[in-house]
Undergrad: 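There's a structure below that I have some questions on.
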Amino acid sequence: MGTVTRLTGLSAGLLRIWERRYDLVVPHRTEGGHRMYTQDDLQLLLHIKAQLDAGASIGELAQQGRQALLEGATPSAPSHGHVPSELNVPPRVQSSIERWRAALADAAETMDVAAIERALDEAFASLNTDVVIYQVLHQATHEIGRRWAERRVCVAGEHLATAVFNRRLLLLNAHARGIKPDSPKALVACLPDELHAMGALVQAWELGRTGYDVTWLGAALPLEALENAVTAVKPLAVYLSVTMPDLYQAAREPLAALVAKNHRHICWLVGGHGVPASDPLLQRLGVGLAPELIEGENPVVSYGDGVTENQN
C-alpha cells in the first residue's frame, strides 16, 4: 500500500474506504494482513485519480465497474510482478519534488525561515496534498535528520524546520473537512514527554479528512489531562503518538490503568517508532499498536471494525 499511495497520490485511508464501499479494487491480503495490489489495480487507481482530478466523482466511476474502467485506462508500464517506486511519476514532477526536499533541508541548514515557507508554498500550490506530506515533508524531515547526524544542521535549524512543518499541518487540520453535528469525535496527542508531534499531526489530518471531528491536544500531554479530555469530549477514538521506546515504557502502565478504568469502549491506538510490535498489557485491553504506519494510513479505519464491536 505504501508504494500505491506514493504512485497515485491517494491516501491509504481513502483506499480503505473505497475498498469497503466499492467493488473496484479488492487487494489480496498476506498472512500478516498487508494489502498487496496487482499491476491492474495500480493502473485502475491511476486512471481513477486522473478522472477525479478532471472533475468526476468516485460514485460515478464506481457505477462503470472495474472492467470498463480498466479498458479506459492507458497502460503505463508492463507488469513484471514488481512495481518500481517511481513508476508513473513524471520526470518533471519528480524533479520538482526532489528540488523542494533539498530546498527545505538547505533552509534548515541556514535557518532561513522565509526559504522554508517559500518552498512549502510552491509545493502545496503545485502538488496533491498527500504527495506534499509524504514525499516532500516526510522525506525532507529524514534528510534534515541525516544532515543533523553529519553536524550540517544544528538543533536550532531542525527545530525551526519542524516548527514550520507542524504549523502547516495544523492549518491543514483546521481545513480538513467541515464538521457535522453527528461527526464521530477523535482525540489526538503525544504521550507524556514526547515532543515530536509531526507524525501525530499527520494522523490528525488523516482522521479529519475522513469525517472525524478531531481535537488536537498537542505534544507531551500528561495522562491526567488526557483523561479529563476523554471525559469531556467522549471520543470514538483516541490516537497517541510516541517516537522513543523509553517514553512508551514509562507511559504504558498508567495508560493501561486509564483505559481499564472506564474507557474500554473507545478505540485506543498508540503509534510511532517508539511502539513495540506487541504488548500484552495494552493489547488485552483492546489498545491497538501501530509501530509502522503506512504512508497515508488512517489508523482508526484500520481498527474501525473493532470499535464498532466494542460499542455494540
Side-chain angles (χ1 to χ4, degrees), residues 12-13 16 166 169-170 173-174 176-177 179-180 182-245 247-276 278-294 296-312:
R16 292 177 192 277
N166 287 353
L169 290 169
L170 282 168
N173 279 315
R177 179 177 175 139
I179 302 303
K180 299 178 181 178
D182 59 347
S183 295
K185 299 182 183 298
L187 298 179
V188 179
C190 298
L191 284 179
D193 298 319
E194 176 57 69
L195 299 176
H196 295 86
M198 185 171 169
L201 282 168
V202 171
Q203 293 309 316
W205 174 70
E206 289 286 354
L207 289 168
R209 70 173 182 157
T210 51
Y212 283 82
D213 180 358
V214 180
T215 299
W216 167 247
L217 299 175
L221 184 73
L223 291 181
E224 297 85 353
L226 174 62
E227 182 168 19
N228 291 337
V230 168
T231 301
V233 176
K234 298 179 174 57
L236 173 71
V238 176
Y239 178 86
L240 302 169
S241 179
V242 61
T243 63
M244 302 296 291
L247 297 181
Y248 174 86
Q249 291 299 325
R252 60 188 290 272
E253 291 188 6
L255 178 59
L258 191 162
V259 174
K261 186 175 179 182
N262 54 10
H263 302 303
R264 293 183 64 173
H265 61 288
I266 296 170
C267 177
W268 291 86
L269 304 165
V270 186
H273 294 303
V275 178
S278 65
D279 184 343
L281 173 66
L282 289 178
Q283 289 174 307
R284 277 198 303 268
L285 297 169
V287 178
L289 303 180
E292 294 292 340
L293 287 178
I294 300 170
E297 183 175 37
N298 180 336
V300 173
V301 171
S302 302
Y303 292 91
D305 293 340
V307 180
T308 303
E309 290 167 7
N310 288 341
Q311 286 186 315
N312 292 339

Undergrad: What is the minimum heavy-atom distance between Ala197 and Ala219, and which atoms define it?
TA: CB-CB, 4.3 Å

Undergrad: Write down the atom of Val233, the atom of Lys185, and the distance for their closest heavy-atom approach.
TA: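 Heavy atoms of Val233 and Lys185 come nearest at O-CD, 3.4 Å.
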
Undergrad: Once side-chain contact (heavy atoms from CB on, under 4.5 Å) is applied, do any residues pair with Leu223, and if so which ones, sequence neighbours excluded?
TA: Leu191, Pro192, Leu226, Pro254, Leu255, Leu258

Undergrad: What's the shortest heavy-atom distance between Ala200 and Tyr239, and which atoms?
TA: CA-CE2, 4.3 Å

Undergrad: Specify the closest pair of heavy atoms between Leu285 and Ala256, including all atoms of both residues, with the distance to one decimal.
TA: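 Here Leu285 and Ala256 meet closest at CD1-O, 3.4 Å.
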
Undergrad: Which heavy atom of Leu236 sits nearest to which heavy atom of Pro184, and what is that distance?
TA: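 So the minimum-distance heavy-atom pair works out to CD2-CB, 3.7 Å.
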
Undergrad: Check the surroundings of atom CE in Met198: do more than 12 heavy atoms from other residues, nucleotides or ligands lie under 6.0 Å from it?
TA: yes

Undergrad: What verdict does the side chain to side chain contact (heavy atoms under 4.5 Å, CB included) test give for Lys261 and Glu227, after you've listed the backbone C-alpha separation in whole Å, the side-chain angles of each residue and the deciding distance to 0.1 Å?
TA: CA-CA 10 Å; Lys261 186 175 179 182; Glu227 182 168 19; 3.2 Å; yes

Undergrad: Are Val188 and Tyr212 close enough, and set up right, to give a side chain to side chain contact (heavy atoms under 4.5 Å, CB included), and what steps lead you there?
TA: CA-CA 11 Å; Val188 179; Tyr212 283 82; over 6 Å; no

Undergrad: Partners of Ala225 by side-chain contact (heavy atoms from CB on, under 4.5 Å), sequence neighbours excluded?
TA: Leu221, Pro222

Undergrad: Check whether any side-chain heavy atom of Leu169 sits under 4.5 Å from a side-chain heavy atom of Val202, and report yes or no.
TA: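 Yes, their side chains come closer than 4.5 Å.
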
Undergrad: Do Gln203 and Ser241 have a side chain donor and acceptor closer than 3.5 Å?
TA: no

Undergrad: Decide side chain to side chain contact (heavy atoms under 4.5 Å, CB included) for Leu240 and Val242; before the verdict, give the C-alpha distance in whole Å, the side-chain angles of both, and the deciding distance to 0.1 Å.
TA: CA-CA 7 Å; Leu240 302 169; Val242 61; over 6 Å; no

Undergrad: May I have the step-by-step check of side chain to side chain donor-acceptor pair (under 3.5 Å) for Glu194 and Thr243, ending in yes or no?
TA: CA-CA 7 Å; Glu194 176 57 69; Thr243 63; 2.8 Å; yes

Undergrad: I want to check something: taking the side chain as every heavy atom from C-beta on, are Ser278 and Gln283 in contact at a cut-off of under 4.5 Å?
TA: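 Side chain of Ser278 against side chain of Gln283, heavy atoms only: contact under 4.5 Å found.
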
Undergrad: Applying side-chain contact (heavy atoms from CB on, under 4.5 Å), can you list everything that pairs with Pro276, at least two apart in sequence or on another chain?
TA: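 Scan of Pro276 (side-chain contact (heavy atoms from CB on, under 4.5 Å), adjacent residues dropped) gives Tyr248, Asp279.
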
Undergrad: If you take all heavy atoms of Asn173 and Leu201, which pair is closest and at what distance?
TA: ND2-O, 3.4 Å

Undergrad: Which residues pass the side-chain contact (heavy atoms from CB on, under 4.5 Å) test with Glu253, not counting sequence neighbours?
TA: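 With neighbours one apart ignored, the set is Leu281.
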
